[in-house]
Trainee: 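Here it is: the structure, laid out below.
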Amino acid sequence: MLRKPLFFFDLETTGLGKMGERVVPVQIAGILVDPNKPGWPELARFGPYFLKIPANAHCEPYAMGLHEKLGRSRDFFNVQGHNPKDVYEALRQFLKPYGRCVPGGHNAAGYDIGLLKREAGLNDVQLEAPKGEDWGLDYHVYDTAVLGYAMLHYAASTPLQSVSLKPLCEHLGVYVEEAKQHDAMYDVELTVNCAREMHKRLSNALRRVEV
């Protein structure tokens, strides 16, 4: 049975919305991989795209301060950014030729996928196909934070100290260039490399059990 393509993506946002405010994505990037072939080869890339910040969005000071360190002020996003509706529609068109894809990311299940679907919906873009149609995002989520904790915190000789992306990379031997972190495409590349490494380790472990 063929496994569905995996669409790993990352959002950089105006905050986490802990107090219920509407935070929004200001950068999105994604990498589509084929989990049916060895090494999970890359099929295509989406973005990276910068998005304009809507007038009613909440910008948390710590988040905007982080963006400003990377040369991205609120004015930067409003000048350099695309209309969010155009980006979400571009994502819908990007996914359509590949059938139903499983969304993936680091902490995607707990945060990114809900935010992405909400914001796309508010911009009148449906990323999930109607019943019976084979395109768009699947209801499953491949979350490297969840899988990393399950596999490495409980099964590894040295438990994970954190499920943040950088510690997971370090645990798996995935090199991290700190100056590039918090860029959506770079973080997606790290996430894909972590997913590939975890899948390889799990496959090797299962083969040893079979022997």
Trainee: Show the numbers, then the answer: is there a side chain to side chain donor-acceptor pair (under 3.5 Å) between Gln27 and Asp183?
Mentor: CA-CA 8 Å; Gln27 191 186 27; Asp183 175 80; 3.2 Å; yes
Trainee: Taking distance alone, no hydrogens or angles, what donor-acceptor pairs closer than 3.5 Å link side-chain atoms of residues 97-104 to residues at least two apart or in another chain?
Mentor:
unit_1: Arg100; atom_1: NH2; unit_2: Glu133; atom_2: O; d: 2.6

Trainee: Thinking salt bridges, do Glu197 and Arg201 make one under a 4.0 Å N-O criterion?
Mentor: yes
Trainee: Who passes side chain to side chain donor-acceptor pair (under 3.5 Å) against Asn107, sequence neighbours left out?
Mentor: none
Trainee: Do the ring planes of His67 and Phe77 sit parallel (below 30°), tilted (30 to 60°) or perpendicular (above 60°)?
Mentor: perpendicular
Trainee: Which value, rounded to the nearest 0.5 Å, describes the distance between Leu95 atom CG and Asp138 atom CG?
Mentor: 11.5 Å
Trainee: Enumerate the residue pairs fulfilling ring pair (Phe, Tyr, Trp, His ring centres under 6.0 Å) with a member in residues 22-44, sequence neighbours excluded, ordered by first and then second residue.
Mentor: Trp40-Tyr142, Trp40-His199
Trainee: What ring pair (Phe, Tyr, Trp, His ring centres under 6.0 Å) pairs are there with at least one residue in residues 172-191, not counting sequence neighbours?
Mentor: none
Trainee: Where is the tightest heavy-atom contact between Gly17 and Glu60, given as atom of each residue plus distance?
Mentor: N-OE2, 2.8 Å
Trainee: Mind checking what makes ring pair (Phe, Tyr, Trp, His ring centres under 6.0 Å) contact with His140, not counting sequence neighbours?
Mentor: none
Trainee: Among Asp187, Leu165, Ile31, Thr191, which one satisfies side chain to side chain contact (heavy atoms under 4.5 Å, CB included) with Asp10?
Mentor: Asp187
Trainee: In the structure I gave you, are the side-chain heavy atoms of Phe50 and Arg72 within less than 4.5 Å of one another anywhere?
Mentor: yes
Trainee: Could you state the interatomic distance from CG (Asp112) to CG (Leu11), rounded to the nearest 0.5 Å?
Mentor: 4.5 Å
Trainee: So, using side chain to side chain donor-acceptor pair (under 3.5 Å) as the criterion, who are the partners of Asn56 when residues are at least two apart?
Mentor: Arg22
